[in-house]
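The structure appears below as structure tokens.
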Amino acid sequence: MENVINGINHWIRFLPGEFNQMTKKEITNRPLPHKWSKKEILGHLCDSAINNIDRFIKIQYEDQPYVIQSYKQEHWVLLQNYQDRPLDEILNLFCALNKQIINIILNIPKGRLSNLCDLGNNQQKTLEWLIKDYLEHMEHHINNQILIKNNA
Ligand code: NI
């Protein structure tokens, strides 16, 4: 879990500076009308943190396998209107939520990392897998959508 904690910590420290070097246009540009802007992707990462906090806690005390509820990502981004929210507020939210996730991970008793959840389609995964997947999902969006230049 140490690698995951280091990875999350890296983005808490690094991502605000990256955003602050971008122009407002680059941050709010939607590459296509139905595609998220970089700001909305940051909002989506906050939504991922919110939903995963719930999962990381409940999988520790609910009956196993704990059934994971999916959430409608597009609705979450639009209903919270990240596009029109001040960037620094979303960045603060991202950092606070991820500090909370680090705190949760640090407090998981070792034996509970093997607790099982059910992702649907007969797929069962451990809490450890879920935590690693959380960081992979975050890095996928950061590396492929936030840190790449688009011609805004
Ligand atoms: Ni995603």
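When a ligand or atom number is given, it counts from 1 through the structure's own listing order.
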Notebook entry, point to check: Are Asn115 and Glu62 close enough that a side-chain donor and a side-chain acceptor fall under 3.5 Å?
Noted result: no

**Study point:** Lys35/Glu40 salt bridge by N-O under 4.0 Å criterion
**Key:** no

Side-chain heavy-atom pair Asp84, Thr28 within 4.5 angstrom cut-off: no

Inset, instruction - Tell me, yes or no, whether the heavy-atom count around Glu89 atom CD, taken from other residues, nucleotides or ligands under 6.0 Å, exceeds 12. - result: yes

Given the options Arg30, Gln83, Gln145, Ser37 meets side chain to side chain donor-acceptor pair (under 3.5 Å) only with Gln83

Atoms listed for the Ni ion (ligand 1) (protein only, N, O or S, under 2.8 Å, no waters) are His44 NE2, His137 NE2, His141 NE2

Donor on one side chain, acceptor on other, Asn51 and Tyr134, under 3.5 Å:
no

